[in-house]
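Before any comments, here is the structure.
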Amino acid sequence: MHDILKKLDLTDYIESFSTLLAREKSIILEGDINLHYKLINELSNYDIKAPLEVESLDRALVHIQKQGILKVYEIYEFVKIINYFNYLRRFNFEGKLQEWIDKIIIPTEINKICDYFDSKSNLKDGVDEDYDMVKNAISKNKEQIKQSLYKTINSSKVRTYLVDSQVHYINGEECILVRGGFNHVLKAQVLDRSNSGFFYVLPHSVASLKQAQNDLLNKREEILLKVCKEISSMFEKNLMFLKFINKEFDRFDHYQARLFFAKIDDKNFILPSKKKQNKLVNFSHPALTDAKPISIDFTKSVVMITGVNAGGKTMMLKSILSAVLLSKYLLPYKASKETTVGTFKSINAVLDDPQSVKNDISTFAGRMVEFSKLFGSKMAIVGVDEIELGTDSDEAASLFKVIIEELMQRDIKVIITTHHKRLAALMAANDDVELIAALYDEENQKPTYEFLQGTIGKSYAFETASRYGIPHNVVKKAKEVYGDDKDRLNELIERSSELEKEYQLKITKLDSEINKMERLSRNLQEQKESLDDEIYSEKSKLHKEYKDARDEAKKAIKAKLVKESHQHLNISHQKASDIKAAKVVDAVELKVGDRVKYRSTKGVLISVKGKKAFIENDMGMKVQVKLEDLQRSGNPPKIKAKPKTTVTVQKPASGHVKLDLHGQRADEAIDNLDKFLSDALLAGFDEVLVYHGIGTGKLSYAVKKFLDSHPSVQGYTDAHPSQGGFGAKVIKL
């Protein structure tokens, strides 16, 4: 693992992740990766504190199995794990997470042990009566030693010989510093001598107390040994549980560390897929600072990257392998969620020069050894940098063509970088080979670190040589030696790249137009269906109302009495008058800048967001309304001389208003926040408080992004801890 991480420049990235683990362990998360992914997603909905640092308990578990006695600090490491799972049980988890926590049933006698210790791993009072007595005796003894020393220091006989009135610690012993001749007035043991010739001494009166203290400390250790023996015996009975919870703690530690790591720089988890599609979208390699995100489709069996020197080909190769490796071990990284990575059993990187004098192996021979190992692999991905390294490029092209085609048959994906075009030309005819060219900025004579799929790139060796200081006449002669034919071939390759870029741009533009036409077509079809339903409904309604009116008229004709006849005719006339057809209004597509009418208000449409719109009425006020309530208005506003008016808005006594966005989706929250700010502006508020919570950070990020772009927001800060702290924003309008 260390070797592949070093080759892909991921060592620092993995070390940074490892610091978030509660204890040192492999980054590999064993088991069902789909279940791990589901549990991590569920866990992201809760704000759970990280576990305390815990030592490895493998040695302690072996010691228990051999009926050994654990030390107090070893027992306390188990206590920390048990306490953490008791903490987790307080949460009302759901789904798979709750099922998992429910399986961890802590025995009562194990839980009881957790109450023996305080947060500093010391035995609490009341656990053992003898231990409490010795503990109190040690405390009293320390006080007696302190009083005895100060009594000696304050003695008038000794004071003449004292260098200072402090208590010193020498070799772990409390003592005083005196001048020579002290033995005339003080019986004491010399512990050490200072640089100035003075003596550190321990008075005999204190020495006897020190001896009593040592006896008490030995007694305390005997009692602790007895307690540890009892606990170790109980641990032995529950050995299977301790092994189980130790393993489950590592598993939860993996989850928590990955979640904390993902929150740094807003990384994403990309779950490996069994689908054949492989696509990086806006991936940034962790080793690069302010890296230019790359997007690349490497679905085909072979990806061949050619083109400009120092144009990022090797980093492209490392990026593909890095994304595969990080996804394989469910480690988050910076890439779009649209990224798709397949499942690979092994990841191989043939990047270095394998030449070794010690092993008597050449560069090419070393490469052949590494390739030979691949023929025993399946469902693997391999990256090869400078594939023809160490031998004649023409011969290598023929050899590697056959090798690569054989590896393709074994379901092995191969990512290759090369400066030579022969191999690329040989492989170009294969439909399962993707050609990618590193692009070059001709005008500024430097690589762009961008890539174009579907073509072979030019190396720009002569241009690179000139850029790095090779004399112009030397480069000119080299071009002459290279030959006009090959130079023309490069020009054709370059022209091909340009045409490919133009083709890609046209395709993108056409796709955009097609999508637009398809949307318009769908909208028209939906409008037609809606109108058909409306017409059918109105037609049915008219038929019924006409029938009722006609029936009343018939009753009037049949009525023998004139009065009754007139009554029926009146009802019939009324029913006929009530028959009205709903006015069918054609859907009008409005755009920003159009004159619109909302009820009795007219103005200009200034923005549209989903089903909501903002209009500025002819009085200059901005109003948020439903888009469906707007009608087109062609009448321009009448210009009238406006008297000078002063408007005063009475603000609430509190000076601010509040909005709580907890539990809302990002898009729903932003809509509500938008409406809330509009109302606040109309009401004249200059400061409001919005709660968004902490959680995964996604809602917080969406709120900050919206506030950054809002024209009426003067600024915002995190709220005071009493008002929500990092989970709330104070917004100035």
Side-chain angles (χ1 to χ4, degrees), residues 14-15 17-31 36 39 43 48-91 100-128 131-132 134-135 217 220-261:
I14 298 303
E15 286 178 357
F17 162 74
S18 297
T19 60
L20 299 174
L21 294 168
R23 61 183 174 194
E24 188 177 347
K25 59 175 74 72
S26 168
I27 63 166
I28 298 174
L29 185 55
E30 297 178 349
H36 294 324
L39 287 170
L43 194 61
I48 299 176
K49 66 182 181 182
L52 297 172
E53 289 188 10
V54 177
E55 297 292 329
S56 172
L57 295 174
D58 294 341
R59 178 182 169 279
L61 288 168
V62 172
H63 204 48
I64 294 171
Q65 193 167 358
K66 293 182 178 180
Q67 300 180 339
I69 301 173
L70 299 180
K71 300 287 192 301
V72 172
Y73 73 86
E74 292 175 316
I75 293 172
Y76 189 65
E77 294 302 304
F78 283 104
V79 168
K80 284 195 283 188
I81 291 177
I82 302 300
N83 282 337
Y84 191 70
F85 275 100
N86 280 328
Y87 160 73
L88 292 177
R89 295 183 74 86
R90 299 175 198 166
F91 289 86
W100 176 43
I101 294 297
D102 286 343
K103 291 177 182 177
I104 303 173
I105 302 172
I106 303 170
T108 306
E109 53 188 349
I110 293 282
N111 258 331
K112 188 177 178 182
I113 295 299
C114 296
D115 295 329
Y116 283 10
F117 300 91
D118 61 19
S119 60
K120 296 182 179 179
S121 75
N122 298 316
L123 276 183
K124 293 180 180 178
D125 293 338
V127 174
D128 187 281
Y131 182 84
D132 293 343
V134 171
K135 181 181 174 183
L217 290 173
R220 186 180 68 177
E221 290 303 314
E222 288 177 11
I223 296 170
L224 274 177
L225 179 63
K226 182 193 74 172
V227 173
C228 290
K229 189 174 182 179
E230 292 173 358
I231 294 174
S232 298
S233 177
M234 188 269 291
F235 275 5
E236 184 188 353
K237 296 176 184 177
N238 294 278
L239 180 60
M240 294 303 294
F241 169 77
L242 292 177
K243 287 183 176 179
F244 166 71
I245 201 167
N246 184 56
K247 185 178 179 181
E248 294 305 286
F249 177 79
D250 275 339
R251 180 180 171 188
F252 193 88
D253 189 24
H254 271 299
Y255 293 166
Q256 277 291 81
R258 280 164 167 77
L259 278 174
F260 288 138
F261 197 51

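Numbers here are sequence positions counted from 1. These numbers come from the heavy atoms of this one structure, side chains and all, not from hydrogens, waters or symmetry mates. On a predicted model such as this, the values are computed, not experimentally measured, just so you know.
Within a 6.0 Å sphere centred on CD of Glu230, heavy atoms belonging to other residues, nucleotides or ligands number more than 12. No more than 12 heavy atoms of other residues, nucleotides or ligands shown are found within 6.0 angstrom of CD on Glu55. Around CD of Glu109, the count of heavy atoms belonging to other residues, nucleotides or ligands within 6.0 Å exceeds 12.
Atom CG of Leu29 and atom CZ of Arg258 lie 5.0 Å apart (nearest 0.5 Å). The distance from atom CD1 of Ile82 to atom NZ of Lys112, rounded to the nearest 0.5 Å, is 16.0 Å. From Ile104, atom CD1 reaches atom CG of Asn86 across 10.5 Å, with rounding to the nearest 0.5 Å. One distance of note links CG of Leu239 with CD of Gln65; it measures 5.5 Å at 0.5 Å rounding. From Leu39, atom CG reaches atom CH2 of Trp100 across 7.0 Å, with rounding to the nearest 0.5 Å.
Glu77 has a carboxylate O that lies under 4.0 Å from a charged side-chain N of Lys80, or vice versa, which qualifies the two as a salt bridge.
Ring planes of Phe249 and Phe85: perpendicular class, angle over 60° (limits at 30 and 60°). Ring planes of Tyr87 and Phe91: perpendicular class, angle over 60° (limits at 30 and 60°).
Looking only at atom types and distance, the side chain of Arg59 has no donor-acceptor partner in the side chain of His63 under 3.5 Å away.
Tyr76 meets the ring-ring contact (aromatic ring centres under 6.0 Å, His included) test with no other residue; sequence neighbours excluded.
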